[in-house]
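Beneath this line is the structure, given in structure tokens, with notes to follow.
Model, not experiment: these values are computed from the prediction. Order of listing sets the numbers, starting from 1, for every ligand and every atom in it.
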Amino acid sequence: MSFSLFLGLLVLALTCWSRSIPASPLLFPPSCNDSRVLSVAGLALQGINNDRKEGYEFSLNRVANVREHRQKTGSSSVYYFTLDVLETDCHVLSKKRWKDCTARHLHEAVYGRCKAIFYINLPKRILYLPAYNCTVRPVSRKKIVRMCPDCPTPIRINSLDPGVSQAVSQSLEKVNKEIAVGKKFYLFQVTQAFSQWVFGPAYFVEYLVTEAPCSKSLPGSETCLQPPADSKPVGLCRGSLSKMNQDKHVSGTCKFFQTQPPSATGSHPPEHQDPPQLALPTPAAPLQEGPRGSVQLLPELVDENNEGGQENKSFMAFPGRIDLTVEPLGEVLHLPSRFMLEKEEMPTVLPFPEGLGSDGCPGPAENSNPLILPP
Ligand SMILES: *[C@@H]1O[C@H](CO)[C@@H](O)[C@H](O)[C@H]1NC(C)=O
Ligand SMILES: *[C@@H]1O[C@H](CO)[C@@H](O)[C@H](O)[C@H]1NC(C)=O
Ligand SMILES: *[C@@H]1O[C@H](CO)[C@@H](O)[C@H](O)[C@H]1NC(C)=O
């Protein structure tokens with residue numbers, strides 16, 4: 001090979017390298033608005049929701065950052081996601097798909113950021129979430145009050161507020177009178193509470209309930225058992241209690257959870273609005289097994305003029321991190337044996353890449369209100 005040809009090839013190789021892979025030779029930064037990225041991000045977020053045991057499901061507001069690490073074998077990739085999320089009205093125990101849930105109103109919004117590592121191997125039908133870490137905060141009360149002074153105000157659910165306990169007990173009484181047939185519902189846990197002044201105090205509550213069967217002993221009277229101590233919540237109820245002079249109004253409705261939790265992503269027909277490039281595989285096994293991450297709820301953000309760049313500010317506000325490895329060249333990611341990968345097919349996981357990815361990041365937000373976007 002002539003020297004100039006060699007040099008030409010080298011220059012070509014270096015230009016390709018520097019154009020497509022600026023950060024690390026192994027990491028590719030796709031656009032955050034890429035349809036494949038959005039599909040995979042949606043699956044990763046479903047995996048996070050499925051793994052959680054408490055709180056409300058997150059929906060994807062935008063992909064803030066993404067890197068793709070294409071693996072050497074088996075047309076598979078490890079994705080490193082930074083996802084901006086919003087809390088929805090579905091409890092995680094409902095096991096609903098986050099796309100079927102509704103983000104909360106602005107005044108009751110909880111928003112934040114999840115980091116997630118997600119392995120996808122389409123030929124082998126593997127979707128696997130090895131790790132995630134989410135940090136969320138309620139929307140700034142000060143800013144909401146400025147926009148909407150009369151909006152409901154959140155009440156800390158462990159504050160033993162007498163208005164909250166009255167609203168819960170009276171709405172539960174109504175639920176038991178109106179919809180419980182042959183059984184009785186019992187309070188498991190209050191999950192959310194708001195108060196508002198509308199011609200008088202009003203309370204809005206959400207709570208999980210358990211159930212226990214009742215039997216008719218004498219006509220017109222029922223004996224109900226107490227639910228066993230380890231009984232699981234069967235549904236999420238919403239109730240309200242408002243007072244005006246001598247009148248009071250009580251409401252209560254419940255949504256019951258599916259008794260057979262669907263598998264992570266496979267049991268639903270692909271949605272029409274799902275981007276077409278990615279045919280969703282039916283996972284060979286449930287997406288998740290055991291806890292691999294956590295969600296931290298922090299207090300609302302107070303505006304501080306903290307020094308440091310934008311990234312520092314963002315990290316201080318939503319400090320979640322994933323430390324699967326610190327090896328600069330990565331480590332083998334050991335998948336559960338049920339996935340049946342050959343040793344040389346095992347993916348490599350790198351330290352979670354920080355810093356900006358592609359120019360196409362962050363992607364467009366579903367709701368671009370700055371009050372609910374991490375800095
Ligand atoms: C972020 O800013 C704080 C000051 O607000 C500074 O003490 C800290 O060293 C900075 N961290 C980074 C990673 O730049
Ligand atoms: C998530 O990130 C926070 C903040 O850096 C850290 O304290 C916590 O241990 C992390 N959780 C997991 C499961 O890695
Ligand atoms: C994102 O992609 C969609 C469809 O591919 C396009 O309509 C939209 O303009 C893009 N948005 C941005 C901000 O690039």
TODO: Mark up the atoms of ligand 2 that fall under 4.0 Å of a heavy atom belonging to Ser294, in ascending order.
DONE: 11 (N), 12 (C), 13 (C)
Task: Heteroatom distance test (Arg321, ligand 2): nitrogen or oxygen, under 3.5 angstrom - done: yes
TODO: Check whether any side-chain heavy atom of Val66 lies under 4.5 Å from a side-chain heavy atom of Cys361, and answer yes or no.
DONE: yes
TODO: May I ask you to decide if Glu342's main-chain N or O and Glu345's side chain share a donor-acceptor pair within less than 3.5 Å?
DONE: yes
Task: Heteroatom distance test (Gly293, ligand 2): nitrogen or oxygen, under 3.5 angstrom - done: no
TODO: Determine whether the aromatic ring centres of Phe58 and Tyr111 lie less than 6.0 Å apart.
DONE: no
- [ ] Carefully, step by step, assess Thr88 and Glu57 under the rule side-chain hydrogen bond (donor to acceptor under 3.5 Å, both in side chains).
- [x] CA-CA 6 Å; Thr88 66; Glu57 289 198 30; 5.5 Å; no
Task: Proximity of Phe81 and Phe118 rings by center, below 6.0 Å - done: no
Open item on the list: Looking at atom 9 (O) of ligand 3, tell me if a protein heavy atom falls under 4.0 Å from it.
Closed with: no
Task: Top protein contact for atom 7 (O) of ligand 2, by heavy-atom distance - done: Gln296 OE1, 4.8 Å
TODO: Specify whether Phe352 and Tyr80 have parallel, tilted or perpendicular ring planes, treating 30° as the upper limit for parallel and 60° as the lower limit for perpendicular.
DONE: perpendicular
TODO: Take atom 5 (O) of ligand 3 and look for protein heavy atoms under 4.0 Å from it; say yes if you find one, no if not.
DONE: no
Task: atom 2 (O) of ligand 2 - nearest protein heavy atom and its distance - done: Asn133 ND2, 2.3 Å
Open item on the list: Just to be sure I'm reading this right: ignoring hydrogens, which of Leu38, Asn33, Asp34 gets closest to atom 11 (N) of ligand 3? Compare them by their nearest heavy atoms.
Closed with: Asn33
Open item on the list: Taking the cut-offs as 6.0 angstrom to the six-membered ring centre and 45 degrees off its axis, would you call Arg67 and Phe28 a cation-pi pair?
Closed with: no
Task: Atoms of ligand 2, numbered as shown, that sit under 4.0 Å from any heavy atom of Gly320 - done: 2 (O)
